[in-house]
Amino acid sequence: MTRTVIAQGTFDIVHPGHVHYLEEAASMGDELIVIVARKANVDHKAKPICPAAQRRDVVDALAAVDEAILGHEEDIFVPIEAIDPDVIALGHDQHHDDAAIEAELERRGIDCTVERASAHEPASDDYILSTRLIVDRILERRG
């Protein structure tokens, strides 16, 4: 029996923190499917710069990822219902409320666990593990 894991995120500028999150999510099961957020669903931070299909394609190219798909534009739980995963892996610092996700999964009859990935320790002091900080650095140096 295959243990399916879902990870999700915006993945606007993929950085080592994303790679760590997805590798750890992949280790939670046998198959990793990543849901890439649509711009319309990103309301907790600045809207993504890159188009959704481009972000999906970059994530899909990562070795840890079995498949990357675009999220639903109106209801983020639609692809989760369709996939029916065993685990939803959240990034260590993602804004999601674990209990609220678990309650919605139960309400929809989706039997899976919600697990958090660990934080990624930077390999050196100059590693940037945040899309926002990467954008800030670009603006600072080239803006």
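Placement of Val59 and Val42 in two distinct hydrophobic clusters is found when ILVMFWY residues are connected by side-chain heavy-atom separations under 4.5 Å, directly or transitively. Under the 4.5 Å side-chain heavy-atom criterion for Ile, Leu, Val, Met, Phe, Trp and Tyr, Leu32 and Ile88 are members of distinct hydrophobic clusters. With hydrophobic clusters built from ILVMFWY side chains whose heavy atoms lie under 4.5 angstrom apart, Ile101 shares a cluster with Ile6. Linking ILVMFWY residues whenever their side-chain heavy atoms come closer than 4.5 Å, directly or via other members, leaves Tyr21 and Leu129 in distinct clusters. Hydrophobic clustering of Ile, Leu, Val, Met, Phe, Trp and Tyr side chains at less than 4.5 Å, counting indirect connections, unites Ile35 with Leu90.
Taken to the nearest 0.5 Å, the CG atom of Asp93 stands 8.0 Å off from the OG atom of Ser130. With rounding to the nearest 0.5 angstrom, the CE atom of Met28 is 10.5 Å from the CZ atom of Arg116. Between the CG atom in Asn41 and the NE2 atom in His72 there is a gap of 9.0 Å [rounded to 0.5 Å]. Considering CZ of Phe77 and CD1 of Ile110, their distance stands at 7.0 Å, rounded to 0.5 Å. Going from atom CG of Asp60 over to atom CD1 of Ile69 covers 10.5 Å, rounded to the nearest 0.5 Å. Atom-to-atom distance recorded for Asp66:CG and Leu22:CG is 11.0 Å, nearest 0.5 angstrom.
Within the 4.5 Å cutoff, no side-chain heavy atoms of Val34 are placed close to those of Arg56. Residues Ile49 and Thr131 have side chains not in contact (no heavy-atom distance under 4.5 Å, counting atoms from C-beta outward). For the pair Ile33 and Pro85, the minimum side-chain heavy-atom distance is 4.5 Å or more. Side-chain contact between His20 and Ser118 is present, with at least one heavy-atom pair separated by less than 4.5 Å. Within the 4.5 Å cutoff, no side-chain heavy atoms of His18 are placed close to those of His120. In this structure the side chain of Leu105 reaches within 4.5 angstrom of the side chain of Ile80, judged on heavy atoms. In this structure, Thr113 and Asp86 have side chains that are not in contact, with every pair of non-hydrogen atoms separated by 4.5 Å or more.
Within 6.0 Å of CD in Glu106 there are 12 or fewer heavy atoms belonging to other residues, nucleotides or ligands. Other residues, nucleotides and ligands contribute over 12 non-hydrogen atoms within 6.0 Å of the CG atom of Asp126.
Arg55 places a side-chain N or O within 3.5 Å of a backbone atom of Thr10 that can act as its donor or acceptor partner. Distance alone, capped at 3.5 Å, is enough to place a donor-acceptor pair between the Lys47 side chain and the Lys39 backbone.
Taking each heavy atom of Ala26 and Ala64 in turn, the nearest pair found is CB-O, 3.6 Å.
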Side chain to side chain contact (heavy atoms under 4.5 Å, CB included) between His15 and Ile128, intermediate numbers included = CA-CA 8 Å; His15 54 70; Ile128 307 173; over 6 Å; no

Go through the steps to decide whether Lys45 and Asp12 satisfy the test salt bridge (charged side-chain N to carboxylate O under 4.0 Å, His left out), and finish with yes or no.
-> CA-CA 11 Å; Lys45 59 183 176 182; Asp12 196 20; over 6 Å; no

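Between the side chains of His96 and Gln8, at least one donor N or O lies within less than 3.5 Å of an accepting N or O.
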Identify each donor-acceptor pair in which a side-chain atom of residues 132-143 lies under 3.5 Å from a protein atom, sequence neighbours left out, and give them as a table.
from, atom 1, to, atom 2, distance (Å)
Arg132, NH1, Asp136, OD2, 3.4

